[in-house]
Novice: 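Sharing a structure here in structure tokens format.
Protein chains get the first letters and strands the later ones, always in sequence-line order, with residue 1 at the start of each.
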Protein chains: 2
Amino acid sequence: MTTVLVVDDQPLQRYGFRILLESVPETEVVGEAAHGGEAVRKAAELRPDVVLMDIRMPGMDGIEATRRIVAAGERSRVLVLTTFDLDEYVHAALRAGASGFLLKDARPDELLAGIRAVALGDAVIAPALTRRLLDEFAQYVPAHRGGHAEDPRLSSLTDREREILVAVGKGWTNGEIAAHFVLSESTVKTHVGRVLAKIGARDRIQAVIFAYDLGLARPSTD
Amino acid sequence: MTTVLVVDDQPLQRYGFRILLESVPETEVVGEAAHGGEAVRKAAELRPDVVLMDIRMPGMDGIEATRRIVAAGERSRVLVLTTFDLDEYVHAALRAGASGFLLKDARPDELLAGIRAVALGDAVIAPALTRRLLDEFAQYVPAHRGGHAEDPRLSSLTDREREILVAVGKGWTNGEIAAHFVLSESTVKTHVGRVLAKIGARDRIQAVIFAYDLGLARPSTD
DNA sequence: GTGCAGGTGGTACCGCGGTACTACACGGTT
DNA sequence: AACCGTGTAGTACCGCGGTACCACCTGCAC
């Protein structure tokens, strides 16, 4: 049994969801909320498996409510549901920690399948949006993930040098790198120097950028 | 009516797909291929709406075949189907231009829904994979798209300081920044110093990383 | 054995980066 | 008028980073 909290400012819309969800045995609507604030409060109180969240609402919108529910560490998964397929919404919702994004014109069985998937910890995206999301994804994700094509400058590095480059990419000073790998600072300097020469960077800053470009370093991987 | 080309090295698997697809009126299997090379050839010849593509095959694999079919500008959409949910496969397939990625353990109706979506130009991802993809997506996509949540450290910066930070993020030296903005190097140092203090970075390297984390700087935006 | 690649370490030197001040001009607020 | 935030600019100082060497050891290939 999957418990659901329905969040929408339109009573009729909530009613429709309730009818649909109660029509199948696996889902149960345990509460409703008409705006973001109520959603956050009821999510904490009712601890539903899934929060069915509208975006456009008076007061606190669905994005912010999603962010707070996720940030609060609630067990609930948030499935954002909207009539608008605007890119910004999708991005904002996903960044807010939503587990899914469906359009309201989805067929009932799609919606139910979505709730089922989200309840299981998976994620769902409306097919119509997935395309654009993937296109963007392909843009952002560095090429070398996907294997095959690796930057020739990278492959010329020895294992040790690659390690050093990663450390440089984390923003570590030579001293920190030396401490971490239990080396003398001189050795680190030697390595760093060779790395810079090999990848064609004039200083460690270029090396950091290089590392980020290739996905060697990752945001907040410290 | 959606025409489908089934690509799999196992005859039995192909047979299974054929039975399933022919069991509904909306899809029709117009051909089969046992490996990548044959898939590329038949896709060009039969011009199916959808290519159901296995990854693991002797000879040319499904990824490469997908790449070639997409690169050839065929009208066919490729739906990759595999037993393995390995990250590398997903990335590689999507980068190769696949319109979808489903697992072979998908329920028949999921598969049919996937084919339907892909035929319409949408894209599908197996729910079990979507989660990980989104997690990565959230990492890669710059924070400022999605608006709302802005790092408080960033908002404390003045316009000029933000400009300077972006320049630092590009890996420019103080001298280069000074030249670019027509300032004295002293002024640049002052600005950089203030930026570092405000964002809590000990040196410009941390600032570069900070800029990348927030998407202020983007790979290869030079 | 000799040679080479890779890893480690050292010395010496220089310059850029960063800090700590101070200073002044401008626009807006009170 | 006094004040503050912002942008500009300067001087002085110090240290880390980077370069240019050289040196030694290990393991592996010839």
Novice: Could you pick out which residue, B:Leu183 or A:Arg204, lies toward the 5' side of DNA chain D when each is mapped onto its nearest nucleotide?
Specialist: B:Leu183

Novice: For C:dG7 and A:His191 - does any side-chain N or O of the residue sit under 4.0 Å from the phosphate oxygens OP1/OP2?
Specialist: no

Novice: Rounded to whole angstroms, how far apart are CG on B:Leu196 and P on C:dA20?
Specialist: 12 Å

Novice: For D:dC16, does either OP1 or OP2 sit under 4.0 Å from a side-chain N or O belonging to A:Asn174?
Specialist: no

Novice: Would you mind reading off the distance between B:Glu161 atom CD and D:dT6 atom C1', rounded to a whole angstrom?
Specialist: 8 Å

Novice: Does A:Gln206 use its side chain to pair, donor to acceptor, with the backbone of A:Arg202 at less than 3.5 Å?
Specialist: no

Novice: Measuring to OP1 and OP2 of C:dG9, would you say a side-chain N or O of A:Ser186 lies under 4.0 angstrom away?
Specialist: no

Novice: Nearest whole angstrom, please: distance from the P of C:dT22 to the NZ of B:Lys189.
Specialist: 18 Å

Novice: Counting only side-chain N and O atoms of B:Thr158, is one of them less than 4.0 Å from OP1 or OP2 of D:dG5?
Specialist: no

Novice: Quick one: does B:Arg204's side chain have a donor or acceptor within less than 3.5 Å of a partner on B:Trp172's backbone?
Specialist: yes

Novice: Rounded to the Å, how far apart are B:Lys198 NZ and D:dT6 P?
Specialist: 6 Å

Novice: Taking all non-hydrogen atoms of both residues into account, name the closest pair between B:Val80 and B:Ala98 and its distance.
Specialist: CG2-CB, 3.7 Å

Novice: By nearest nucleotide on DNA chain D, pick out whichever of B:Phe181 and B:Ile205 is the more 5' one.
Specialist: B:Phe181

Novice: What is the distance, to the nearest angstrom, from the CZ atom on B:Arg194 to the P atom on C:dG17?
Specialist: 18 Å

Novice: In whole Å, I'd like the distance from the CD atom of B:Glu163 to the C1' atom of D:dT8.
Specialist: 14 Å

Novice: Tell me the interatomic distance from A:Asp203, atom CG, to C:dC14, atom C1', rounded to whole angstroms.
Specialist: 15 Å

Novice: Report yes if a side-chain nitrogen or oxygen of B:Thr187 is closer than 4.0 Å to either non-bridging phosphate oxygen (OP1 or OP2) of D:dT8; otherwise report no.
Specialist: no

Novice: Looking at B:Arg202, I'd like to know whether one of its side-chain N or O atoms comes within less than 4.0 Å of OP1 or OP2 on C:dT19.
Specialist: no

Novice: Looking across every strand, which nucleic acid part, if any, lies under 4.0 Å from B:Ser184 by heavy atom: base, sugar-phosphate, or nothing?
Specialist: sugar-phosphate

Novice: Tell me the interatomic distance from B:Gln206, atom CD, to D:dC16, atom C1', rounded to whole angstroms.
Specialist: 14 Å

Novice: Out of B:Val188, B:Ile177, B:Asn174, which one pairs with B:Leu183 under the side chain to side chain contact (heavy atoms under 4.5 Å, CB included) rule?
Specialist: B:Val188

Novice: Donor-acceptor pair, B:Glu176 side chain versus B:Thr173 backbone, under 3.5 Å?
Specialist: yes

Novice: Would you please confirm or rule out a distance under 4.0 Å between OP1 or OP2 of D:dT8 and any side-chain N or O of B:Arg160?
Specialist: yes

Novice: Examine C:dG9: is either OP1 or OP2 under 4.0 Å from a nitrogen or oxygen in the side chain of A:Thr190? Give yes or no.
Specialist: no

